[in-house]
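Shown next, in structure tokens, is the structure this report addresses.
Values below: every heavy atom of this structure, side chains too, minus hydrogens, waters and symmetry copies. Quick note: residue numbers are just sequence positions, from 1. Given the structure is predicted, the values throughout are model-derived calculations rather than measurements.
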Amino acid sequence: MARTGAGARVGSGTAGLKDATAVVGIGQTPFARQLPESEKTLACRAILAALDDAGISPAEVDALASYTMEETDEVEVAKAVGFGDLSFFSKVGFGGGGSCATVAHLASAVATGQATVGVAWRSRKRGSGPRPWKNTTVQLPTPAQWTRPFGLLRPADEIAMLTRRYLHEYGARRDHLFNVALACRNRANQNPAAMMYERPLTRDMYMTSRWISEPLCLFDNCLETDGALACVVVSAERARDCRRRPVYVHSAAQGLPAQHHGMVNYWNDDPLTGPAWTAARHLWKHADFTPEDVDVAQIYDAFTPLIPLSLEGYGFCGRGEGGAFTEGGALEIGGRLPLNTSGGGLSEAYVHGFNLINEGVKQLRGTSTAQVPGAATCLVTAGEGVPTSALLLRN
């Protein structure tokens with residue numbers, strides 16, 4: 001038995017979702033700082049690409065899952081793409097924390113017979129669109145009333161505060177954050193679809209770049225991206241007849257800790273114990289393998305410090321050891337835990353983490369541009385710092 005970072009014992013698990021469904025199709029649009037198409041058009045293109053990848057007709061789709069922040073609703077997508085009658089549709093909140101949960105919701109619907117073919121998607125024009133925190137015409141939500149009037153205006157500011165505490169308490173250094181940024185950039189340099197494909201990163205570039213919110217510099221922050229992605233979920237039985245090699249949803253979890261308060265998390269006794277720890281307990285409880293058995297990970301990286309925090313929460317190292325874990329090329333191909341092999345949110349594209357799901361599928365199909373040899377298991381996580389979700393995938 002191994003222990004997760006949250007301290008839960010890992011056993012064989014008997015959850016009904018285990019390997020009952022599979023991702024059989026993935027699709028995406030190009031990524032760019034500015035694309036001319038609308039979010040609806042981008043969404044439809046990604047969904048059609050995913051269905052074509054699976055070899056499934058749009059008329060067979062009867063379930064949808066997306067984010068509450070998705071601007072294109074189910075009715076518009078269903079009409080435009082040509083879906084049949086829908087028997088299940090859901091939306092998941094909290095921005096990047098919802099990515100893996102969209103797949104989990106579809107897996108639950110398919111496994112319990114509420115649907116047969118599910119599509120999850122995210123379409124976003126963050127590169128050319130407005131910043132959510134710039135809207136001053138509406139009343140601030142309650143958590144923001146405790147942060148924004150005091151200067152924490154953006155997510156980067158909130159994560160910077162947590163980062164400062166993490167560096168202070170555990171002796172982590174900016175070099176550890178650079179290791180994260182470098183690993184993601186190195187993988188993007190192998191990925192022609194990545195926004196940073198032909199833009200290498202050096203330590204000198206990182207250390208001399210401008211502050212965004214100290215101690216977070218330019219390269220500690222994700223990209224601003226226009227683009228869309230989608231995936232298709234069916235039963236394990238149906239998956240055997242689809243066009244591509246199935247990637248099974250082995251375990252799925254969401255996590256919202258007691259007394260959680262957004263990214264700053266300061267109602268908790270320990271603000272550095274974020275939602276990843278809650279999600280991890282449930283994720284590993286229903287899995288047949290442990291963190292030591294994960295071949296490759298796609299960990300949500302809107303900001304570099306989310307990686308060491310997540311490494312600890314999901315049980316890859318002990319408390320306070322996330323920084324040191326990144327040393328010695330641990331996150332590179334051939335390292336202890338190859339990470340974000342498409343480039344992630346830091347260097348491929350930032351579309352609220354959905355590209356991490358698609359990249360996990362590519363790894364287990366053996367089709368990644370930065371393929372981990374023999375990869376058979378993959379952890380995919382959503383945003384740490386907000387109510388989150390995670391998937392264990394296997395081939």
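- Looking at heavy atoms from C-beta onward, P305 lies in side-chain contact with L177 at the 4.5 angstrom threshold.
- For the side chain to side chain donor-acceptor pair (under 3.5 Å) test with T304, the passing option among N221, N179, D220 is D220; the others fail.
- For the pair R122 and F354, the cation-pi criterion (under 6.0 Å, within 45° of the ring axis) is not fulfilled.
- At least one side-chain heavy atom of Q363 sits under 4.5 Å from a side-chain heavy atom of Q298.
- Considering CD1 of I299 and CG of L311, their distance stands at 4.5 Å, rounded to 0.5 Å.
- The two atoms that bring Y206 and L201 nearest to each other are N-CD1, 4.3 Å, heavy atoms only.
- No salt bridge links R124 with E70; every basic N to acidic carboxylate O contact stays at or beyond 4.0 Å.
- Remark: N189 CG to C184 SG distance equals 11.0 Å, nearest 0.5 Å.
- Listed by first then second residue, pairs satisfying salt bridge (Lys or Arg N to Asp or Glu O under 4.0 Å) with a partner in residues 48-68 read D52-R243, D53-R244, D53-R365, E60-R238, not counting sequence neighbours.
- Remark: side-chain polar atoms of T225 are not paired, donor with acceptor, to backbone N or O of R33 under 3.5 angstrom.
- Relative orientation of the F289 and H250 rings is parallel, given thresholds of 30° and 60° on the angle between their planes.
- Using a 4.0 Å cut-off between charged nitrogen and carboxylate oxygen, K18 and D288 count as a salt-bridge pair.
- Looking only at side-chain heavy atoms (C-beta outward), E312 and F325 stay at 4.5 Å or farther from each other.
- The shortest side-chain heavy-atom distance between D270 and R319 falls under the 4.5 Å cut-off.
- Here the side chains of H352 and F94 are not in contact, with every heavy-atom distance at 4.5 Å or above.
- Two residues are said to be in side-chain contact when any heavy atoms from C-beta on lie closer than 4.5 Å; I26 and L229 fail this criterion.
- Proximity of Y170 to E321: side-chain heavy atoms (C-beta onward) are nowhere separated by under 4.5 Å.
- Inspection of the H261 and N268 side chains reveals no N or O donor paired with an N or O acceptor under 3.5 Å.
- Between K40 and D73, none of the side-chain N atoms (NZ, or NE/NH1/NH2) sits under 4.0 Å from a carboxylate O, so this pair counts as no salt bridge.
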